[in-house]
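Note sheet for the following structure.
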Amino acid sequence: MNRKLAWSIGILMATASPALAQQTGQAAFDAWLQSYRDLGATASYDSARDSGGTLTVTGLDLSFETTFSIPDPDEDGEDLTLDIDFSWTSEQVVATNMTAEGNLFSVDRMTIADGSLFSVRLDPEGEDDDIVLESRMDGFELIKGTWPALPKLAEDPQRPFSRWLPLLRTIKDTSFEEERVSRLTFDFHGGDSIEGAKVESVVEDLVVRDMHDGRIAEYGTGQVRQETTFPMEDGETYTETTTIAGTAMTGLDYTALLALIDPQARGSGEFKQFIGSVSSNGYRVESPYYDAAVDLSGYENVQLRAPETDLLATLDRLVTSGEEPDPATVILMVVDVYRSISLGRAFADGISFGFDIDPDVTGSGGIGQIVLSNVSADGLEEFSISSMEIDLGTEGSFSLGRFFFGDIEFAPYGPIKAFASDLDNLDEPDPLEVARIFTPRSIAAEIAGLALVGVVPEGDFSLDRYYMDMKSVVPPIPTSFEVSTEGLEMPVAALDDQEVIDVLQAVGIDVLRLTEKIRMRWDPDTEDLIIENLVVELGQIGKVRASARLGGLARSVLENPQQFQALIATLNIKAFELELVNEGGVETALALMAEESDVSENLMAELLLEQLRQALAVIDNEDFTMMVMEAAEAFIDDPRNLSLTIAPGRSIPVSQVAAGVMTAPQMLPELLGVSVEANR
């Protein structure tokens, strides 16, 4: 709001009359006020005295009224209206060496009396339910200021928005060495339309330096304080107080902002810096129910580019047509504006907070840092939260080392634009086609150092790390995929399956530790699906590891997954490996089965081996049966690890394997190069 006010002051000063010979003092000031009258404003003052190049004007009063009207699409409805009143009053304005020459005004120095009032009054629907913003200035000073003549704006009911564009263009031609205000106060209040809310703000020591060609080199403030109040249902008043120790901004370019709405800037397609950096330190907020603080926050490298859409002309059409807006037009306009904005980095460091809503809902906590970086229509590099701690008192605690979401490459705009443009003609869009158009080409996420203590009745949860990385060259199907869950500890009692809970608790396992990993990718050159690492590990039980290489996964199948039958004709097996690593699960299972069957563990082992031998009889391959049984007996006797490997030496079509299962299963072990080993 502070910058908006500074710009508004700039607008009020950016005044002129038609091309004149050089005028000084009162004549220039009168020409300035006349330019407001030419716009339909009223402007007057009580007296003026010009002495030695110093002009002193008393009793300045300037006001302007306008109405925006939006036709109601229903013929029997009333038009929507918004009455806007601006005013500026000041007891005294002092200008040193004020001149008007050609289309330019200039002063060496201008001051405005303390207590000068700038106000904006909004009256929606003419119901006298005004929303009012009043601002008072103390210690205003302008050094070496120059501003252009205001353009004359013709009345144009068909262009309620774009008719103001010439006025907005004049701001970029305003310049000054320095503008400062020692104290700004804002009073924002209204009626039922904002539920009786009231906002009072105070800004100390506002300084703007070196504005030329629409660019501001530096902007800053001292302390900022804001108090928000509104009535509550019980008749009490809720009050929230916010303070900021100081703010600073560098490298503001108004011309980049103007390019968003100025059709003269369309077509460039290049991003232009809008803001170099903004920072705020010592942020504090207090209320009856919560408080929060941020040591340092800000953002950097905000860039804008001209959108393809003529936004003002589009708004003109939407509000003057008297028809319901076309959904495709609105969607494309919003997306187009979004595509015209990019952010280099936003951050908040040293966050702390507490809340005391009622005796049962209390707590406190903190966050080390929040970061958002490189956000644009092309993607998002990072959104991360680090070092989060929340203490919920008797309800437990929550901690998080790091949360990350990023490495996102968004889908290209061309297909999205074509889809949105034809939205009205699509009765029922194909879900696969919609997914193909909108699915990001890459995305990654990470959670590390997560702990829930005392939050869940069944027990505590913790997680060392969860990581996910997905990429696709044939969207929406992932063609590179990695997921890992490391060190997930959870109480067995929290599982959904009571039978599993009973079994695990029977052998003394009350806390389950889980690790899962899978990494796979599709090679577009060889059309191979490569599963490089698949691991499932249960602490105190064991782990399973697998890897595989499957060929013949054609791009056409990925592009048309609904025709998955074609995969059977092309898919082939190149390699496969599966390993079971025992960490106590085999002994536990054997003991439980023996107890349930009321036999000894040795007898149960023999019964299991006999069942395996009978199952292998179906394959009818003596050498394969002998290899499997030797490995099984060795594993039962000393259960360390058991592995299955398929290495055919050449690609074996899945269709051939399926046929072999039905007609000649005894040939499959040799065909696939199967080997089974124990304790290798």
Side-chain angles (χ1 to χ4, degrees), residues 456-459 461 485 487-518 534-548 576-646 657 660-662 665-666 668-669 672 674-680:
V456 180
E458 290 80 6
F461 285 74
T485 302
L488 172 61
E489 288 192 0
M490 59 184 299
V492 168
L495 298 174
D496 291 334
D497 194 321
Q498 187 60 48
E499 186 175 345
V500 173
I501 293 175
D502 294 340
V503 170
L504 293 174
Q505 290 182 337
V507 296
I509 300 177
D510 294 318
V511 177
L512 201 60
R513 184 175 179 87
L514 171 67
T515 293
E516 295 179 307
K517 299 180 182 178
I518 181 170
L534 190 155
V535 177
V536 178
E537 178 180 355
L538 289 174
Q540 302 162 286
I541 296 177
K543 71 176 68 174
V544 176
R545 289 197 293 247
S547 62
F576 177 80
E577 184 172 355
L578 176 67
E579 181 182 21
L580 170 65
V581 179
N582 178 50
E583 294 180 0
V586 173
E587 295 90 337
T588 299
L590 191 61
L592 287 173
M593 286 187 290
E595 181 181 353
E596 186 176 342
S597 300
D598 197 19
V599 298
S600 67
E601 292 183 21
N602 288 337
L603 179 57
M604 177 55 63
E606 292 178 4
L607 292 173
L608 291 175
L609 290 172
E610 182 57 31
Q611 291 177 1
L612 175 62
R613 187 185 302 277
Q614 293 176 6
L616 291 171
V618 177
I619 298 179
D620 193 21
N621 185 311
E622 185 176 346
D623 291 340
F624 178 70
T625 298
M626 184 180 299
M627 176 179 62
V628 173
M629 291 306 301
E630 287 178 355
E633 290 169 0
F635 182 69
I636 290 292
D637 184 57
D638 181 16
R640 286 181 286 153
N641 61 75
L642 184 67
S643 64
L644 167 67
T645 302
I646 294 176
V657 174
V661 169
M662 300 297 295
Q666 69 277 8
L668 291 180
L672 295 173
V674 179
S675 64
V676 180
E677 298 178 82
N679 304 329
R680 63 177 181 178

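Values below: all heavy atoms of this structure, side chains included; hydrogens, waters and symmetry mates excluded.
Taking CE of Met604 as the start and CD1 of Ile636 as the end, the distance is 11.0 Å to the nearest 0.5 Å. How far CD of Glu579 is from CG of Leu642: 8.5 Å, rounded to the nearest 0.5 Å. The OG atom of Ser600 sits 13.0 Å away from atom CD of Glu595, with the distance rounded to the nearest 0.5 Å. Here Ser597 contributes atom OG and Leu603 contributes atom CG; the two are 9.0 Å apart, rounded to the nearest 0.5 Å. Taken to the nearest 0.5 Å, the CD1 atom of Ile501 stands 10.5 Å off from the CG atom of Leu512. How far CG of Leu592 is from CD of Glu601: 9.5 Å, rounded to the nearest 0.5 Å.
A heavy-atom distance below 4.5 Å is not found between the side chains of Asn621 and Leu616. Put simply, the side chain of Leu534 does not reach to within 4.5 Å of the side chain of Lys517, judged on heavy atoms. Residues Leu495 and Met490 have side chains in contact (heavy-atom distance under 4.5 Å, counting atoms from C-beta outward). With a 4.5 Å cut-off on side-chain heavy atoms, Val674 and Phe624 count as touching. The shortest side-chain heavy-atom distance between Leu580 and Phe635 falls under the 4.5 Å cut-off. Under the 4.5 Å side-chain criterion, counting only non-hydrogen atoms from C-beta, Met629 is in contact with Leu609. Thr588 places none of its side-chain heavy atoms less than 4.5 Å from the side chain of Ile541. Taking 4.5 Å as the limit, every side-chain heavy atom of Ile619 sits out of range of all side-chain heavy atoms of Thr625.
At a cut-off of 3.5 Å, with distance as the only test, a side-chain donor of Asn582 or Glu587 sits close to an acceptor on the other residue. No side-chain donor-acceptor contact under 3.5 Å links Asn602 and Glu606.
Residues Ala605 and Leu590 approach most closely at N-CD1, 4.0 Å, considering heavy atoms. Between Ala546 and Leu578, the shortest heavy-atom contact is CB-CD1, 3.9 Å. Taking all atoms of both residues into account, the shortest heavy-atom contact from Ala631 to Ala678 is O-CB, 3.2 Å.
Glu622 has no carboxylate O lying under 4.0 Å from a charged side-chain N of Arg613, or vice versa, which leaves the two without a salt bridge.
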Side chain to side chain contact (heavy atoms under 4.5 Å, CB included) evaluation trace for Val544 with Val535: CA-CA 6 Å; Val544 176; Val535 177; over 6 Å; no
Step-by-step salt bridge (Lys or Arg N to Asp or Glu O under 4.0 Å) determination, Arg640 to Glu677: CA-CA 11 Å; Arg640 286 181 286 153; Glu677 298 178 82; over 6 Å; no
Residues Asp502, Gln498; criterion side chain to side chain contact (heavy atoms under 4.5 Å, CB included); working and verdict: CA-CA 6 Å; Asp502 294 340; Gln498 187 60 48; 2.9 Å; yes
Evaluation steps, side chain to side chain contact (heavy atoms under 4.5 Å, CB included), between Val492 and Val511: CA-CA 5 Å; Val492 168; Val511 177; 5.8 Å; no
Residues Thr485, Thr515; criterion side chain to side chain contact (heavy atoms under 4.5 Å, CB included); working and verdict: CA-CA 5 Å; Thr485 302; Thr515 293; over 6 Å; no
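Enclosure of atom CD in Gln614 by more than 12 non-hydrogen atoms of other residues, nucleotides or ligands within 6.0 angstrom is indicated.
Here the side chain of Asn641 pairs a donor or acceptor atom with the backbone of Asn679 at under 3.5 angstrom.
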